[in-house]
Each structure stands twice: as C-alpha cells, then as structure tokens.
**Q** 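A single structure is presented below for examination.
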Amino acid sequence: MNKTNPLLSVSDLHAWYGESHALHGVNLEVFEGETVTLLGRNGVGKTTTLRAIMGLIRKRTGKIEFEGKDLMRLPLHRTAYAGIGFVPEERGIFATLSVEENLMLPPVVSKGGMTIEEIYKLFPNLEERRNSQGTKLSGGEQQMLAIARMLRTGVKLLLLDEPTEGLAPVIVERIGEVLKTLKQRGMTILLVEQNFRFARRIADRFYLMEHGVVTTGFPVEELDERMAVLHEVLGV
Ligand SMILES: Nc1ncnc2c1ncn2[C@@H]1O[C@H](COP(=O)(O)OP(=O)(O)OP(=O)(O)O)[C@@H](O)[C@H]1O
Ligand SMILES: [Mg+2]
C-alpha cells in the first residue's frame, strides 16, 4: 500500500445543484488498495461527493486528483477513462439487455481488468442467468451485475453508493464477500454505506460526513470506541 501518494485526493470540494450549495469543502484521501467508507445521515452529501468526483455535477470547485492527474480539468466522458468506476445507487442496469450484454457494455479503459470467466467465477449466479434480461433480475442480482460489469474495464478505483440498500441479509453477506475478494485482488474502493456493521468487515478507514463536509476520519480499529457518537450522529 502506497501511503505517501494517495490514489484519490479530494480537497476543498464544493458542489451546487443550481443555486443550492450541497458540498461545502469536502476533504478526503484514498490510498491504493484501501477500502474507505463514507458514513453520514440522509442528505449530508455522500452521493453528491461521488457524483462530483465523477464529474457528473459540473458546478463544482476545489481539487480532485486521481493518480496525480487533475480530474477537474477533464471533460466528463474522460473521467471514467481515467480509471474510476462508479456504481450508482440506482445501479443503471439496462433493462432490455441480457446479463452478459450488460457485462460487456462498459468499455475497457485500462489493462488488468478481469476476464468474463473470472467475473463469472466470482458471481456464479450471474453466469447462471447470463441470458436473462435485466428486468428479470432481483435487486441483489442487479447490484452484483452493476459491480461485476466494472471489473472488466480495468478501473483501479470503485465508487459504490449504498450497495447493500434494500437487500436481504444473505445478499448483503454475499456482496461483502465479493468486496473482500476484490480488495484481496488489489482493488481500491470508496464505499458509501449507512450500515456500518456491514462496512466494518471490509473497511480500513471511515470518514464521517455532516452537512456537506467531512468532519472526522478514523481507522476501523477505532470504530468501537466511537460507536456511541456515531449512533447519535447517524441516528441509527
Ligand atoms: N438532483 C438534485 N437537485 C437538487 N438538490 C439535490 C439533488 N440531489 C441531491 N440534492 C440535495 O443535495 C443534498 C445532498 O444530497 P445527497 O444525495 O448527496 O445526500 P446523501 O448523503 O447521499 O443522502 P442519502 O443518504 O439520502 O442518499 C441534499 O440536501 C439533497 O436534497
Ligand atoms: Mg445518497
């Protein structure tokens, strides 16, 4: 793990929806090989942070560097090519395409991505359903497909927005196993998650967001001692 130069470095990031100021100077860093979880109550700006990193929100200021490259200067369609894969909360599975067509759709952006055989090994349920239409998939299968299709592309960083939301405990468990395997393979992950009982099993570090800024960062080892405060801040 390279602890001197972060893979992703975000500083003083502001973002707006029209006149509405949603991010008020977000600072965070993600080092290569780490899994970092962004916690925070509803509406504090977690999704907005991921969208602003991807360039999906154009009204933004601050600094976003990935592998030392300045992402603020890239046009939108180049952000994914820089090597960041975004799995949005709504998953974005193409309903009229089959599982395999969905898997093949995102372009390869860099060497080192997984082969389709490796992906099916990691997601045997997707292989079984390779010819099923997107609409026929359960929520859990859609979530797995949304993650799986990023793995072919060779991205180095995955941004995952609440991948376990609304899913049954056994599926959440399965997604946890997949993320652990990806981590072992060297993938770097920035995960938005309200469920910190899930996140603690895979996260190396946590950031807490409140009102459009990151207020605290701490390693997973400190989670227990911070639990009371987190329960209060997160309202869980
Ligand atoms: N498309 C939009 N247009 C206008 N305001 C928005 C839009 N999306 C989000 N917001 C506002 O921006 C703020 C941050 O929202 P965001 O979705 O980033 O929060 P979040 O932390 O991801 O919340 P949640 O836990 O509900 O997913 C909120 O006040 C929200 O109402
Ligand atoms: Mg959100």
Side-chain angles (χ1 to χ4, degrees), residues 1 6-17 21-57 60 62-66 71 79 83-91 143 146-147 150 155-167 172 175-176 178-180 182-183 187-224 226-227 229-236:
M1 204 178 288
L7 184 64
L8 175 74
S9 165
V10 172
S11 28
D12 197 28
L13 179 63
H14 290 250
W16 289 263
Y17 293 104
H21 193 174
L23 299 184
H24 297 261
V26 170
N27 295 297
L28 60 87
E29 289 181 330
V30 184
F31 292 88
E32 200 175 334
E34 272 192 319
T35 298
V36 174
T37 296
L38 203 50
L39 299 167
R41 262 186 198 257
N42 292 114
V44 295
K46 304 180 299 295
T47 298
T48 304
T49 299
L50 300 188
R51 301 187 76 224
I53 291 169
M54 287 310 288
L56 296 169
I57 295 172
R60 53 178 190 168
K63 204 162 151 194
I64 306 172
E65 284 187 342
F66 179 70
L71 291 191
T79 311
I84 306 180
F86 178 39
V87 180
E89 206 173 356
E90 59 280 6
R91 298 164 191 150
Q143 184 61 55
I147 296 171
M150 285 298 138
V155 294
K156 292 201 175 129
L157 172 67
L158 281 180
L159 307 181
L160 305 177
D161 198 356
E162 304 207 36
T164 68
E165 203 195 10
L167 301 181
V172 171
I175 288 174
V178 164
L179 296 185
K180 271 193 218 161
L182 293 180
K183 183 180 173 165
M187 183 65 88
T188 307
I189 300 171
L190 177 58
L191 171 75
V192 167
E193 192 53 71
Q194 308 230 31
N195 176 352
F196 54 82
R197 288 168 204 87
F198 165 80
R200 74 177 307 154
R201 294 171 33 224
I202 49 172
D204 300 297
R205 287 192 299 122
F206 290 85
Y207 283 118
L208 179 63
M209 273 193 88
E210 296 174 87
H211 310 297
V213 290
V214 169
T215 51
T216 326
F218 58 91
V220 64
E221 292 77 18
E222 292 178 19
L223 189 63
D224 283 329
R226 291 174 183 267
M227 208 59 109
V229 176
L230 287 174
H231 276 296
E232 197 171 314
V233 174
L234 298 173
V236 290

**Q** Within a strict 4.5 Å, meaning less than it, do heavy atoms of the Leu39 and Tyr207 side chains meet?
**A** no

**Q** Only pairs under 3.5 Å count here: list side-chain donor-acceptor contacts from residues 196-203, not counting sequence neighbours, and write none if there are none.
**A**
{"unit_1": "Arg200", "atom_1": "NH1", "unit_2": "Asp224", "atom_2": "OD1", "d": "3.4"}
{"unit_1": "Arg200", "atom_1": "NH2", "unit_2": "Asp224", "atom_2": "OD1", "d": "3.1"}
{"unit_1": "Arg200", "atom_1": "NH2", "unit_2": "Asp224", "atom_2": "OD2", "d": "3.4"}

**Q** When rounded to the nearest 0.5 angstrom, what distance separates CG in Leu38 from CD in Gln194?
**A** 10.5 Å

**Q** Are Val220 and Thr37 close enough that some pair of their side-chain heavy atoms sits under 4.5 Å apart?
**A** no

**Q** Partners of Thr216 by side-chain hydrogen bond (donor to acceptor under 3.5 Å, both in side chains), sequence neighbours excluded?
**A** none

**Q** Applying salt bridge (charged side-chain N to carboxylate O under 4.0 Å, His left out), can you list everything that pairs with Glu222, at least two apart in sequence or on another chain?
**A** Arg226

**Q** Of all residues at least two apart in sequence or in a different chain, which pass the ring pair (Phe, Tyr, Trp, His ring centres under 6.0 Å) check with Phe206?
**A** Phe218

**Q** Restricting to side-chain hydrogen bond (donor to acceptor under 3.5 Å, both in side chains), what partner residues turn up for Glu165, sequence neighbours left out?
**A** none

**Q** Under 4.5 Å between any side-chain heavy atoms of Leu160 and Leu179, yes or no?
**A** yes

**Q** Suppose we screen for side-chain hydrogen bond (donor to acceptor under 3.5 Å, both in side chains). Which residues come up paired with Thr79, at least two apart in sequence or across chains?
**A** none

**Q** With sequence neighbours excluded, tell me which residues meet side chain to side chain contact (heavy atoms under 4.5 Å, CB included) with Val213.
**A** His24, Thr215

**Q** Under the ring pair (Phe, Tyr, Trp, His ring centres under 6.0 Å) rule, collect the residues that match up with Tyr17, sequence neighbours excluded.
**A** none

**Q** Test of understanding: with side chain to side chain contact (heavy atoms under 4.5 Å, CB included), list the residues that count as partners of Val10, not counting sequence neighbours.
**A** Leu8, Leu13, Val26, Leu28, Ile53, Ile64

**Q** Which residues pass the ring pair (Phe, Tyr, Trp, His ring centres under 6.0 Å) test with His211, sequence neighbours left out?
**A** none

**Q** Are any side-chain N or O atoms of Lys46 and backbone N or O atoms of Leu191, one a donor and one an acceptor, separated by less than 3.5 Å?
**A** no

**Q** With sequence neighbours left out, write down each residue that passes side-chain hydrogen bond (donor to acceptor under 3.5 Å, both in side chains) with Asp12, or none if nothing qualifies.
**A** His14

